[in-house]
Number of protein chains: 2
Amino acid sequence: MRIGELSERTGTPRRLLRYYEEQGLIKADRLANGYRDYDEAYVDRVLQIRGLLDTGLSTRIIKQILPCLNKPREIHFDEATPETLALLASERDRMTARIRCLTRNRDAIAEYLEMVSRA
Amino acid sequence: MRIGELSERTGTPRRLLRYYEEQGLIKADRLANGYRDYDEAYVDRVLQIRGLLDTGLSTRIIKQILPCLNKPREIHFDEATPETLALLASERDRMTARIRCLTRNRDAIAEYLEMVSRA
DNA sequence: TCAAACCTTGACATCGGTGTGAAGGTCAAC
DNA sequence: GTTGACCTTCACACCGATGTCAAGGTTTGA
Ligand SMILES: [Zn+2]
Ligand SMILES: [Zn+2]
Ligand SMILES: [Zn+2]
Ligand SMILES: [Zn+2]
């Protein structure tokens, strides 16, 4: 699929798809005429990237953790350096903190809304 | 407490404390000489703001939801307009989506790290 | 009295994610 | 052939969060 369809199916401006590629998050094949050519799997992948960006992760971090997210059941030895593993552990902990913060505050909002709806 | 102590106790640059005030997230009393004077409770409040910012919420949204987070057990009638309630519900749902995304991806990272540590 | 450590406001810069548009190539339909 | 819809790269702009610095006032202590 070309960039237009991927853009449409993910709700992502073409500009950003090119930006994510520039940042190394996605990689497109090229057709004979130079057009980008995306595999079907990129729909999910782009949505995943968008979701992670929305939760506060940077493209730099996403780039580092993405390979492990996609195929978590196999070790990527090229990335299994102590530094990368430390980064992954640190990111895992930061995400846990984010989840706690989000959950607590979302529950407070929900509680407030319920109270208002009862009044 | 003055801005320096609040900065130190929350790990937040003074610059940002003034910025949060400018955005209406916090409000400081003033001493006779013009210095900002913060109540003890601002330590938690600033940490809460920082946490929410880290999870991808903007200062504008945080400003809207903060009053309901702090005293969720009472209705703030001045803010209980249909628009504000709709925003709160929408934000609650977005936060739920963020939590799901973060949880799924964090679990994948954790799973990967466990596998590596076993190998 | 002077220095150091605070504080003030204001301006300007940086950085990442994003918007927008120019200038031009490709392709399908008419 | 021409038109319109797609694609390319490139550049410039914008916005929110943050860094940095200047110029100056206040307080505390040598
Ligand atoms: Zn990996
Ligand atoms: Zn929090
Ligand atoms: Zn409220
Ligand atoms: Zn996700």
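Every chain is numbered from 1 and lettered A, B, ... according to where its sequence line falls, protein lines coming before strand lines. What's counted below: heavy atoms across the whole structure, side chains too, no hydrogens, waters or symmetry copies.
Atom CD1 in A:I62 sits about 12 Å away from atom C1' in C:dG16, given to the nearest Å. Taking atom CZ of B:R30 as the reference point, atom C1' of C:dC7 lies 10 Å away to the nearest angstrom. We find that CG of A:L57 is positioned 10 Å from P of C:dG17, with the value rounded to whole Å.
An OP1 or OP2 oxygen of C:dG17 is reached within less than 4.0 angstrom by a side-chain nitrogen or oxygen of A:T59. Here B:R36 reaches the OP1 or OP2 of C:dT8: one of its side-chain N or O atoms lies under 4.0 Å away.
For the residue pair A:M95 and B:I109, the shortest heavy atom distance occurs at SD-CD1, 3.8 Å. Closest approach of A:T10 and A:V43 over heavy atoms only: CG2-O, 3.8 Å.
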Only distances under 3.5 Å count here; give the side-chain donor-acceptor pairs of residues 17-24 of chain B to other protein atoms, sequence neighbours excluded, each with its distance to 0.1 Å.
unit_1: B:Y20; atom_1: OH; unit_2: B:R50; atom_2: NH1; d: 3.0
unit_1: B:E21; atom_1: OE1; unit_2: B:R36; atom_2: NE; d: 2.8

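Qualifying side chain to side chain donor-acceptor pair (under 3.5 Å) partners for B:Y38, counting only residues two or more places apart in sequence or in other chains: none. Every residue was checked against the side chain to side chain donor-acceptor pair (under 3.5 Å) condition with A:T103, not counting sequence neighbours, and none meets it. Qualifying side chain to side chain donor-acceptor pair (under 3.5 Å) partners for B:T59, counting only residues two or more places apart in sequence or in other chains: none. For B:R106, the side chain to side chain donor-acceptor pair (under 3.5 Å) partners two or more places apart in sequence, or in a different chain, are A:T96. Legend: residues meeting side chain to side chain contact (heavy atoms under 4.5 Å, CB included) with B:D29, ordered by chain and number and at least two apart, are B:D37. For A:R9, the salt bridge (Lys or Arg N to Asp or Glu O under 4.0 Å) test picks out A:E5, A:E40, with sequence neighbours left out. Every residue two or more places apart in sequence or in another chain was checked for a salt bridge (Lys or Arg N to Asp or Glu O under 4.0 Å) with A:D107, and none qualifies.
Between B:I3 and A:R50, the one whose closest nucleotide on DNA chain C sits nearer the 5' end is B:I3.
For residues 80-97 of chain B, the set of pairs meeting the salt bridge (charged side-chain N to carboxylate O under 4.0 Å, His left out) definition, not counting sequence neighbours, comprises A:D54-B:R94.
Residues from residues 10-22 of chain B lying near DNA chain D, meaning a heavy-atom separation below 4.0 Å, are B:P13, B:R15, B:L16, B:Y19, B:Y20 in numerical order.
A:L31 comes within 4.0 angstrom of nothing in the nucleic acid, heavy atoms only.
Nucleotides of DNA chain D that come within less than 4.0 Å of any heavy atom of chain A span, from the 5' end to the 3' end, D:dC6 to D:dA11.
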Could you write nucleotides 24-30 of chain C as a row of B, S and -, 5' to 3', where a protein heavy atom under 4.0 Å of any base atom gives B, of only sugar-phosphate atoms gives S, and otherwise -? -BBS---
